[in-house]
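Here's the structure we're looking at; comments come further down.
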Amino acid sequence: VSGSPGCASCGLPAMEKDAEERMMIEFAKQQLLDKLHLKERPNITQTVPRAALLIALRKLHSGSVRQDGTLELANSRPIPTNDQGYEIVSFADLNETEIGDAASLSLTFQFLQERGQSIQVLQSSLWIYARSSEDPHRDSRLSAQVFLSAEGGLSGSNRTLVIEKMLEVQESSWHTFPITRTLQAFLDGGQRRLQLEVSCDEDGKNLCSLEGSDTPNQPFLVAQVRLRDDHSKHTLKKR
Amino acid sequence: SLRCGDDVSVCCKRDFYIKFKDIQWHDWIIAPEGYHMNYCMGQCPQHLAGSPGIASSFHATVFSQLKVNGINTAASSCCVPTERRPLSMVYFNSQHSIVKTDVPDMIVESCGCT
């Protein structure tokens with residue numbers, strides 16, 4: 001293709017087809033990383049159980065899940081205003097989650113904010129799977145509390161009640177706990193590890209505890225966020 | 001908008017699809033399965049300036065005014081995207097969280113001459 005002078009988009013000097021394809025693939029990779037504000041492709045070291053992943057994606061309203069497990073994306077809830085909107089599903093770091101009938105379920109979520117980036121939380125909720133009581137004659141309502149633990153604190157010490165809810169647990173099912181303000185305050189504080197404790201106590205038994213690290217019913221956090229672009233404000237001032 | 005064939009002469013859209021599996025990116029990108037990085041290429045001779053469909057752009061308007069008044073600008077017209085659409089992505093970030101976002105203007109749907 002012979003380009004016309006002075007028109008940057010009018011074609012490049014002729015290249016070998018393979019070389020051209022390799023160059024285009026590198027372009028595409030770089031463009032995707034730039035648009036996702038990533039310096040390099042994430043290195044996936046720990047896998048989330050596929051069943052847990054599919055449950056979370058279904059809750060994310062990001063579309064339907066085909067029979068073969070691949071995802072059919074549909075236009076989910078529009079994130080208002082500019083193009084730097086995200087929906088995030090974060091799984092608790094299981095290395096720091098107690099498994100079994102501990103008095104409360106302690107969860108740790110890791111967040112890494114880029115320097116100079118501040119995030120506005122539009123909406124956030126914690127998804128917890130509560131089991132039904134083993135006693136069929138028992139009241140089907142269960143009191144659940146979510147606490148915010150001080151970073152690095154021991155389970156049960158120095159914690160703040162975030163929300164308390166009465167769950168209907170006629171049968172085991174998922175429940176959501178709004179934590180928008182808690183997550184916003186956490187991110188504004190520049191911390192990295194959000195530690196929450198969940199207590200669903202029935203006669204000393206925690207019905208929200210994990211029954212094993214590979215359970216598909218892993219607790220997870222969903223957040224709809226938007227990047228705040230603080231730099232542009234400063235630029236405006238300068239002008 | 002024309003779709004490029006093997007021989008490219010006039011401004012057209014070249015389809016270019018990358019499957020994430022082929023570049024070993026399918027472990028961290030959950031959906032979609034690939035990316036249509038279409039692009040525009042080809043000539044925009046003067047009689048095609050402003051066609052198709054982008055007369056609304058400022059550049060095209062100015063250019064057609066110059067042409068109507070017979071002013072030879074020696075400026076050339078470029079083959080550029082005229083329609084683009086967002087790419088919805090669901091992927092793992094470095095903290096193994098799942099992120100879903102709609103990246104605007106990522107897929108070129110059609111091309112035209114400025």
Side-chain angles (χ1 to χ4, degrees), chain A residues 1-12 21 24-25 27-29 31-32 35-36 38 40-48 53 56-57 60-63 70-76 78-79 82-91 93 109-112 192 220-225, chain B residues 4 6-9 11-12 14 16-20 22-46 74-81 86-106 111 113-114:
Chain A
V1 175
S2 60
S4 62
C7 177
S9 68
C10 292
L12 297 169
E21 186 151 326
M24 292 308 285
I25 287 173
F27 274 161
K29 284 181 177 180
Q31 186 191 31
L32 283 166
K35 287 287 185 181
L36 298 178
L38 296 171
E40 56 191 8
R41 55 144 292 163
N43 193 12
I44 304 303
T45 53
Q46 68 189 49
T47 57
V48 173
L53 176 65
L57 287 172
L60 188 62
H61 303 289
S62 51
T70 54
L71 191 60
E72 182 80 39
L73 280 186
N75 281 333
S76 62
I79 298 176
N82 63 32
D83 64 344
Q84 292 167 341
Y86 296 85
E87 292 185 85
I88 295 176
V89 173
S90 185
F91 289 96
D93 185 346
F109 297 94
Q110 307 249 4
F111 288 94
L112 179 65
R192 287 181 160 219
F220 57 92
L221 179 157
V222 177
Q224 205 182 19
V225 300
Chain B
C4 298
D6 288 337
D7 293 330
V8 173
S9 56
C11 177
C12 55
R14 163 78 76 196
F16 189 77
Y17 180 68
I18 298 171
K19 210 170 180 178
F20 292 132
D22 294 344
I23 58 173
Q24 291 81 50
W25 271 27
H26 61 299
D27 59 333
W28 69 279
I29 294 180
I30 301 170
E33 290 168 5
Y35 169 36
H36 290 274
M37 196 182 88
N38 309 327
Y39 57 95
C40 305
M41 62 188 299
Q43 301 286 326
C44 280
Q46 192 128 19
S76 58
S77 167
C78 285
C79 178
V80 295
L87 173 65
S88 282
M89 295 188 70
V90 180
Y91 60 94
F92 281 108
N93 68 8
S94 45
Q95 290 93 56
H96 297 94
S97 296
I98 299 171
V99 181
K100 176 186 183 303
T101 189
D102 295 331
V103 186
D105 299 330
M106 283 293 277
C111 301
C113 294
T114 59

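Numbered from 1 within each chain, the chains take letters A, B, ... in sequence-line order. This one's a predicted model, so the numbers in the text were calculated from it and none came from an experiment.
Side chains of B:I98 and A:I88 form no contact here, defined as non-hydrogen atoms less than 4.5 Å apart. Using a 4.5 Å heavy-atom threshold, the side chains of B:D102 and B:S88 count as touching.
Residue B:I29: no heavy atom, backbone or side chain, is found under 4.5 Å from chain A. Of the atoms belonging to B:F16, it is side-chain heavy atoms, and not backbone ones, that fall under 4.5 Å from chain A. Heavy-atom distances place both the backbone and the side chain of A:L36 under 4.5 Å from chain B. Residue contact with chain B, scored on non-hydrogen atoms closer than 4.5 Å, involves the backbone and the side chain of A:E21 alike.
B:D27 and A:R41 are joined by a salt bridge, as a carboxylate oxygen and a charged side-chain nitrogen come within less than 4.0 angstrom of each other.
B:W28 has its ring centre less than 6.0 Å from the ring centre of B:Y91.
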